[in-house]
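Here the structure is a predicted model, which means the values were calculated and not measured. Convention: sequence-line order gives letters A, B, ...; per-chain numbering from 1.
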Number of protein chains: 2
Amino acid sequence: MPDDEGHPNVEEIELGPVLAALADPLRRRVVRELAAEPDGAARTCSSFGLPVSKATVTHHFRALREAGLIRQVDRGNSRMASLRRADIEQRFPGLLGIVAAESEE
Amino acid sequence: MPDDEGHPNVEEIELGPVLAALADPLRRRVVRELAAEPDGAARTCSSFGLPVSKATVTHHFRALREAGLIRQVDRGNSRMASLRRADIEQRFPGLLGIVAAESEE
DNA sequence: TGACAGGTACGACTGATCTCGTACCTGCCG
DNA sequence: CGGCAGGTACGAGATCAGTCGTACCTGTCA
């Protein structure tokens, strides 16, 4: 099963890119908010209210998607992002919990 | 209790710098090798045989030290590095296990 | 149909990061 | 003492990452 539009499949998720993606505070915030929602929840990119331009938002979501942290699917007008919770938990158990436990600053 | 020579104390260890430090494969390798040794084990910087110059080795060990991942103490001629296992485990439980579980490539 | 909102693509700028060479300091040992 | 090995400091080069503006595409909705 090949990659679907830049989404690595589970066994292709590498620790290096994942940690690099999570090194950015804005991306960590996205993951944290998604982790706080019920499993499978999907939100639009713009619903996070990131304090950067649209182009930069796209850039950050691509980083998350290519690292394998989120899945993005087109739904009509927008593109919904959801956390790949089970996949990440399978590859790196506990990692999501560490990110989710970080407090806002 | 102030920082000791660039070593943050436990409550000052932040997730961002830690993840940024671990995003580099060379630094992850150092942490992995230290994690594989008995607790408290100390090794010289050069004993890891990193495939980079001395100056670059110093750079990477500073990144690890300032993130709070290792502790470096002068011992005569050399500077011994040891993993801050308990400190990291207290702040981010499971993180070391994730890094240690990564296989060589 | 036309306007608009959500996203993407591209190019550009800026600052950080990785890398190195060189110079230098400090113990150890012959 | 003199050399050497382990590390650091500094400066430089190259590459990468975060940011933006602009242009553009695509559904939705009045």
Side-chain angles (χ1 to χ4, degrees), chain A residues 3-7 14-34 41-83 105, chain B residues 3-7 14-34 41-83 105:
Chain A
D3 291 4
D4 173 29
E5 297 285 332
H7 294 83
E14 304 278 348
L15 185 54
V18 165
L19 293 180
L22 292 175
D24 185 275
L26 254 47
R27 291 194 289 256
R28 222 155 48 232
R29 170 167 149 190
V30 169
V31 170
R32 205 186 314 128
E33 294 197 20
L34 280 175
R43 290 173 53 178
T44 72
C45 301
S46 59
S47 73
F48 294 89
L50 300 185
V52 288
S53 74
K54 282 199 306 177
T56 305
V57 170
T58 297
H59 164 75
H60 284 304
F61 274 84
R62 171 166 42 207
L64 289 170
R65 166 170 29 93
E66 293 181 347
L69 286 165
I70 65 171
R71 175 163 282 127
Q72 282 183 292
V73 293
D74 281 15
R75 207 180 74 185
N77 202 357
S78 4
R79 177 163 298 195
M80 308 302 285
S82 59
L83 191 60
E105 63 269 0
Chain B
D3 291 1
D4 173 29
E5 298 284 335
H7 293 82
E14 304 277 349
L15 184 55
V18 165
L19 293 180
L22 292 175
D24 186 276
L26 255 47
R27 292 194 288 256
R28 221 154 50 232
R29 170 167 150 188
V30 168
V31 169
R32 206 185 313 128
E33 294 197 21
L34 281 175
R43 290 173 54 177
T44 71
C45 302
S46 58
S47 73
F48 294 89
L50 300 184
V52 288
S53 73
K54 284 199 303 179
T56 305
V57 171
T58 297
H59 164 74
H60 284 304
F61 274 84
R62 170 166 43 209
L64 288 170
R65 166 170 30 94
E66 293 181 347
L69 287 165
I70 65 171
R71 177 163 280 128
Q72 282 182 292
V73 293
D74 281 14
R75 208 180 76 184
N77 201 0
S78 4
R79 176 163 297 194
M80 310 301 285
S82 59
L83 191 61
E105 64 270 359

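- Distances from the side chain of B/Ser78 to the nucleotides C/dT8, D/dG18, D/dG7 place D/dG7 closest.
- Applying the 4.0 Å criterion to OP1 and OP2 of C/dT26, one finds that B/Arg79 has every side-chain N and O outside that range.
- Looking at heavy-atom distances under 4.0 Å, B/Thr44 makes contact with sugar-phosphate atoms alone, never a base.
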Listed pairs, N/O of protein and of nucleotides 11-13 of chain D, under 3.5 Å:
none

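- Shown here are the side-chain contact (heavy atoms from CB on, under 4.5 Å) partners of A/Ala20, two or more places apart in sequence or in another chain: B/Ala23.
- Listed here is the closest heavy atom pair of B/Ala41 and B/Ser82: O-CB, 3.2 Å.
- The side chain of A/Arg75 places no N or O atom within less than 4.0 Å of a non-bridging phosphate oxygen (OP1 or OP2) of C/dG6.
- Residue B/Ala21 comes nearest to B/Leu64 through the heavy atom pair CB-CD2, 4.4 Å, listed as atom of the first residue, atom of the second, then distance.
- Put simply, CG on A/Leu26 is 16 Å from P on D/dA17, counting in whole angstrom units.
- Applying the salt bridge (Lys or Arg N to Asp or Glu O under 4.0 Å) test to every pair with at least one member in residues 45-68 of chain B, sequence neighbours left out, gives no pairs at all.
- Every side-chain hydrogen bond (donor to acceptor under 3.5 Å, both in side chains) that A/Asp74 has, sequence neighbours left out, goes to A/Arg79.
- A/Gln72 places its CD atom 15 Å from the P atom of C/dG6, with the value rounded to the nearest Å.
- The interatomic distance linking A/Asp24 (CG) with D/dA17 (C1') rounds to 9 Å, in whole Å.
- Remark: C1' of D/dG6 and CG of B/Leu50 are 14 Å apart, rounded to the nearest angstrom.
- D/dG18 atom P lies 12 Å from atom CZ of A/Arg28, rounded to whole Å.
- When the side-chain hydrogen bond (donor to acceptor under 3.5 Å, both in side chains) test is applied to B/Arg43, the partners found at least two apart in sequence or on another chain are B/Glu33, B/Glu37, B/Ser47.
- Taking the side-chain hydrogen bond (donor to acceptor under 3.5 Å, both in side chains) definition, one finds that A/Thr56 meets it with A/Ser53, sequence neighbours left out.
- Contacts of A/Ala63 classified as side-chain contact (heavy atoms from CB on, under 4.5 Å), with partners at least two apart in sequence or in another chain: A/Arg27.
- Residue contacts for A/Ser53: at a heavy-atom cut-off of 4.0 Å it reaches a base atom on one of the strands shown.
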Which protein N or O atoms sit under 3.5 Å from an N or O of nucleotides 23-26 of chain D?
none

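- Residues satisfying the side-chain hydrogen bond (donor to acceptor under 3.5 Å, both in side chains) test with A/Ser46, not counting sequence neighbours, are A/Thr44.
- Separating the CG atom in B/Leu34 from the CG atom in B/Leu69 is a distance of 10.0 Å, to the nearest 0.5 Å.
- Nucleic acid contact class of A/Asp74 (heavy atoms, under 4.0 Å, all strands): none.
- Scanning residues 57-66 of chain B for heavy-atom distances under 4.0 Å to DNA chain D yields B/Thr58, B/Arg62.
- Residue pairs satisfying the ring-ring contact (aromatic ring centres under 6.0 Å, His included) criterion with at least one member in residues 52-81 of chain A, sequence neighbours excluded, are listed as follows: A/Phe48-A/Phe61.
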